[in-house]
Structure formats: C-alpha cells, structure tokens
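Reckoned from all heavy atoms, side chains included, excluding hydrogens, waters and symmetry mates. Because the structure is a prediction, the values reported are computed rather than measured.
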Amino acid sequence: MSRSSRLRALVGSALAAPGAAGSVLRTAAGVLTARLGAAARLIRGHGPRGLALVAWTMLACRRVRRQLARGGLGAVRLAAPPPGGTDTLVRRALRRSGGNCLESALVRQRWFAERGVPRTVVIGVSAPAAGFHAHAWLDGDPDPHRHGLAEILRHPVPSAWLR
C-alpha cells in the first residue's frame, strides 16, 4: 500500500467518526483539501515562484492595513517581493485577501517598484452632494471606479523601493 493510499485510508476512517468530532474533522478536511488543491493549481500554473508571490502579496496586504491604521501613508514599509510572477497574479491574490483599494494600490506599487517601474498611487473623492465616495488606484491603470472623482492626493513611489 502506497503512502498516499495509507494517508487516504487514515483520513477516511477519521472522517467517518460519528458525532461532533467527526463533523469537525470533515469540515477541517474539506477546507484543507480546498486550500491544498488551490495551492497545487497555483504551483502547476505559475511554479513555486508564483506561490511565493501570492504568499508575499497576502502578507503585504495585511501589513499595509496595520501600518496605515497606525501611521498613515508615511508609515507604510514593505519588504521586497519575490522575483517572478505577473501583475494579474498579484491582483488575484489581493482580491482573495480582502484588501481595500488603497491597500491593494500600495502593494501593487511596491511590486512594480521592485521591477523598476515607478507607479504613483492616486486617491480621489467624489463631491459630497453626489454621496461621498473615495477610491485609490495606480496612475495609468484603466480603473472604471475613478470616473467622476477629483484627485486629492498623488503618492509617488518611495525612493527606497526603487532598484
């Protein structure tokens, strides 16, 4: 019997356990299976570097959220992202991480800066009469949410981020 077959048999017997313990195990196994499946698809499509980039992106989004809450834009410091990957992969990871538009723009700004492409974060707001709305994006992105917004701030790439 192969190692994977033994593991499947062990997990199968644990999942068949009656009562609350079996239910908890079935739920945990389902979540774990889904996450491992997603990681396997990611590695097949983008390799280990893609997985490293997704992990960096999700952690960077959490760090940006904390740093913004503690000290505003000037407090944002992010480590360099791993090599490889694409902007599309970074965007997908940001969508899954639940970051808002400002957090996402700052993470992407750092990712582009590491590749030698300086991108400015732009923050815009709507007129209060139209119902207040704010949005952040990277300058040059085709973003449908920015129409009708007045720019109030342009945040250039910190010089420490550029290669």
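Here the straight-line distance linking atom CD1 of Ile123 with atom NE2 of His155 works out to 8.5 Å at 0.5 Å rounding. Remark: Cys61 SG to Asn100 CG distance equals 7.5 Å, nearest 0.5 Å. Annotation: the span from Arg63 atom CZ to Glu103 atom CD amounts to 14.0 Å, rounded to 0.5 Å. Leu68 CG to Arg70 CZ: the interatomic distance, rounded to the nearest 0.5 Å, is 11.0 Å.
Among residues at least two apart or in separate chains, side chain to side chain donor-acceptor pair (under 3.5 Å) pairs with a member in residues 107-126 are Asp87-Arg108, Arg108-Asp141, Arg110-Glu114, Glu114-Arg163, Arg119-Asp141.
In this structure, the side chains of Leu73 and Leu106 come closer than 4.5 Å at one or more pairs of heavy atoms. Looking at Val90 and Phe112, their side chains never come closer than 4.5 Å, going by heavy atoms from C-beta outward. Inter-residue side-chain proximity for Leu162 and Pro118 is flagged as met; some heavy-atom pair is nearer than 4.5 Å. Within the 4.5 Å cutoff, the side chain of Val121 has heavy atoms near those of the Leu102 side chain.
Across every non-hydrogen atom of Ser104 and Gly99, the tightest pair is OG-O, 3.8 Å. Considering every non-hydrogen atom in both Leu149 and Trp137, the closest pair reads CD1-CZ3, 4.0 Å. The two residues Ser97 and Leu94 make their nearest non-hydrogen contact at OG-O, 2.9 Å.
Grouping the Ile, Leu, Val, Met, Phe, Trp and Tyr side chains by contacts below 4.5 angstrom, directly or via other members, places Val157 with Leu153.
A distance-only check finds no donor-acceptor pair linking the side chain of Glu151 to the backbone of Val122 [under 3.5 Å].
Taking a 6.0 Å sphere around CZ of Arg62, one finds it holds 12 or fewer heavy atoms contributed by other residues, nucleotides or ligands.
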